[in-house]
Engineer: 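One structure, pasted below without further comment.
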Amino acid sequence: MSQVRVRFAPSPTGFFHIGSARTALFNWLYARHTGGVFVLRIEDTDKERNSEPFLNLIYDSLRWLGMDWDEGPQVGGNFGPYLQSQRGDIYREYLAKLKAAGRTYEKDGAVWFKLLGERHKVFDEHRKKEVEKVKNAPSVIDDQIRGRVERTEDEDFVIVRSDGSPVFHLCNVVDDIAMGITHVIRGEDHLSNTSKHVELFKAFGAPVPSYAHIPLILKQNGPGKMSKRDQGALIEEYQRRGYLPEALVNFICLLGWNPGGDKEKMPIAEIIRLFDLPGVNQSNARFDDKKLAHMNLTYLLEQPADRFVVLARALLERAGAKAALAADPAYLREVLLISQPKIKSLEEIPAYTAWFFTEDYPIDPKVREKVMGKGDSKARLTELIAALPGFDFTNDSAIEQGLAALAAKHGLGFGDYQAVARLAVSGTNVGPSITTIFRVLGRERTLARLQRLLA
RNA sequence: GUCCCCAUCGUCUAGCCCGGUUAGGACACCACCCUUUCACGGUGAGAACCGGGGUUCGAAUCCCCGUGGGGACGCCA
């Protein structure tokens, strides 16, 4: 059997979103699974809406998500150019074949593709006008996901605009032929275009590729499919918020596909191994950002220290956390690593660690009221300040022993000192373990912070 | 309106093809445990086969009809 060639064919007319990413991913996975070729083709035939920034966003997003293309812009290939705006000659050449075969006609200055079959006119409620339908030999699609899909009627359609530029249907089919595409994996919203495309393939005498129409992703809130304007739709946003690309990929591959059984979290190599078209669902999936967040958390927790620090630093830079970035690198690294197991997302990092980098951190009034109002917290704080110089600061457990001894001396528990100490050194009631905070802050800084609350 | 696709917990889904399960898992939610805060983690609870007909000894599973959801109906892609 010949090699699988699939393509992802976005148009640079807007932000890159979850739905496009998943279509790209399924194509990429199928190519990698089968040892095939993943082609990136840019469908920029709409001169009005194309934009360079959006084009670059496609490249950046695909790369960030780890989808490398074997052929396409920036990497080349034997079937280029890979931007439709540069393929005008090819479309003209194919158009000539269609004209020669008598399969086109002109109307209102545009070129139309002529369907074969019996014609009749009907009034179309939607368009409020009379249209001509063509009953053709049933156009049958043998879809890998949907099964047999039959359409008995269609309409002639424009393939070249009155300004001479070719339209999506023509370019798409011509390129799939010229680029030797064997499998077309795309969203179900294209299912109703497919009969048109099949007729074009037949008119060109080219083999019809194998189709796989994947279910759509529905927006989280409200009806309808997800679009770039919806909450949580943009890939760019996850990148900015410090989501891990492998977590996002793992999550979106599970929208409409699963390997069977209970498996969810999988390294990419395993996803590639298990992915196949017959495993793709037929029903649409609703996007759920909570589950994505959880997937991201599980990946975050297992990040090696070095990578975590790199990612967290990038987040701090984006957040403009100057104090943190100006701090001693070893100290910053330590702060980041003790925070890693406690946070749910990298975007929490700037706020979660801010008080480590200034002695002028705010004291949360609500927490202050709660902590100081319970028991004799002021006395506990005074006792702790008095005892601290005698503490062994070598490591966490040494500090813990010091704290435990202090509590025992006064017939109290660890918790009686923990809350007020935490309030004093951080100004809040959340953070790493108090003994760890002491150790990282060091004796002098800890002492000064404890005294600051008393003042 | 016409055409096309789809239908299991709130959500993602397993099971369906090859009828017999206490209909399983994950997220979310709730309770409890762990605990030095906050997270993580652990245990447990609640939560679904859209409706109606058929076929069958037996239907989530096969068939039909409703209903519901989604998509398409551009000189957008």
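By convention in this document, chain letters (A, B, ...) are assigned in the order of the sequence lines, proteins followed by strands, and residues within each chain are numbered from 1.
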Engineer: What does R151(A) touch in the nucleic acid at a heavy-atom separation under 4.0 angstrom: a base, only the sugar-phosphate, or nothing?
Structural biologist: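 Sugar-phosphate contact only.
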
Engineer: Please list, in 5' to 3' order, the outermost nucleotides of RNA chain B lying under 4.0 Å from any heavy atom of chain A.
Structural biologist: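 Nucleotide range in contact with chain A: rG1(B) to rA77(B).
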
Engineer: Pairs under 3.5 angstrom only: tabulate donor-acceptor contacts from the side chains of residues 17-24 of chain A to other protein residues two or more places apart or in another chain.
Structural biologist:
| unit_1 | atom_1 | unit_2 | atom_2 | d |
| --- | --- | --- | --- | --- |
| H17(A) | ND1 | G19(A) | N | 3.4 |
| H17(A) | NE2 | S20(A) | OG | 3.2 |
| R22(A) | NH1 | L255(A) | O | 2.5 |
| R22(A) | NH2 | P215(A) | O | 2.2 |
| T23(A) | OG1 | G19(A) | O | 3.2 |

Engineer: Residues of residues 253-262 of chain A with any non-hydrogen atom less than 4.0 angstrom from an atom of RNA chain B: list those, numerically ordered, please.
Structural biologist: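 Those residues whose heavy atoms fall under 4.0 Å from RNA chain B, taken from residues 253-262 of chain A in numerical order, are L254(A), L255(A), G256(A), N258(A), G261(A), D262(A).
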
Engineer: Contacts to RNA chain B from residues 43-60 of chain A, heavy-atom cutoff under 4.0 Å, which residues?
Structural biologist: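 Result for residues 43-60 of chain A: E43(A), T45(A), D46(A), R49(A), sorted by number.
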
Engineer: Looking at RNA chain B, which of residues 12-28 of chain A put a heavy atom within less than 4.0 Å of it?
Structural biologist: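 By residue number: none to list.
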
Engineer: Only counting residues at least two apart or in another chain, list the ones meeting side-chain hydrogen bond (donor to acceptor under 3.5 Å, both in side chains) with R380(A).
Structural biologist: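 side-chain hydrogen bond (donor to acceptor under 3.5 Å, both in side chains) check on R380(A) returns E383(A).
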
Engineer: Mind checking what makes side-chain hydrogen bond (donor to acceptor under 3.5 Å, both in side chains) contact with E132(A), not counting sequence neighbours?
Structural biologist: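 R119(A).
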
Engineer: ring-ring contact (aromatic ring centres under 6.0 Å, His included) with Y243(A): which residues, sequence neighbours excluded?
Structural biologist: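 Y243(A): ring-ring contact (aromatic ring centres under 6.0 Å, His included) contacts with Y238(A).
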
Engineer: Among residues at least two apart in sequence or on other chains, which ones pass ring-ring contact (aromatic ring centres under 6.0 Å, His included) with F251(A)?
Structural biologist: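 So F251(A) forms a ring-ring contact (aromatic ring centres under 6.0 Å, His included) with F287(A).
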
Engineer: Is there a side-chain contact between D60(A) and F16(A), using heavy atoms and a 4.5 Å cut-off?
Structural biologist: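 They are not in side-chain contact.
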
Engineer: With sequence neighbours left out, write down each residue that passes ring-ring contact (aromatic ring centres under 6.0 Å, His included) with F79(A), or none if nothing qualifies.
Structural biologist: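 By the ring-ring contact (aromatic ring centres under 6.0 Å, His included) rule, F79(A) matches no residue at all.
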
Engineer: What residues form a salt bridge (charged side-chain N to carboxylate O under 4.0 Å, His left out) with K135(A), not counting sequence neighbours?
Structural biologist: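 Residues passing salt bridge (charged side-chain N to carboxylate O under 4.0 Å, His left out) with K135(A): E153(A).
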
Engineer: Listed by chain and number, what are the ring-ring contact (aromatic ring centres under 6.0 Å, His included) partners of Y82(A), not counting sequence neighbours?
Structural biologist: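 Expected list: none.
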
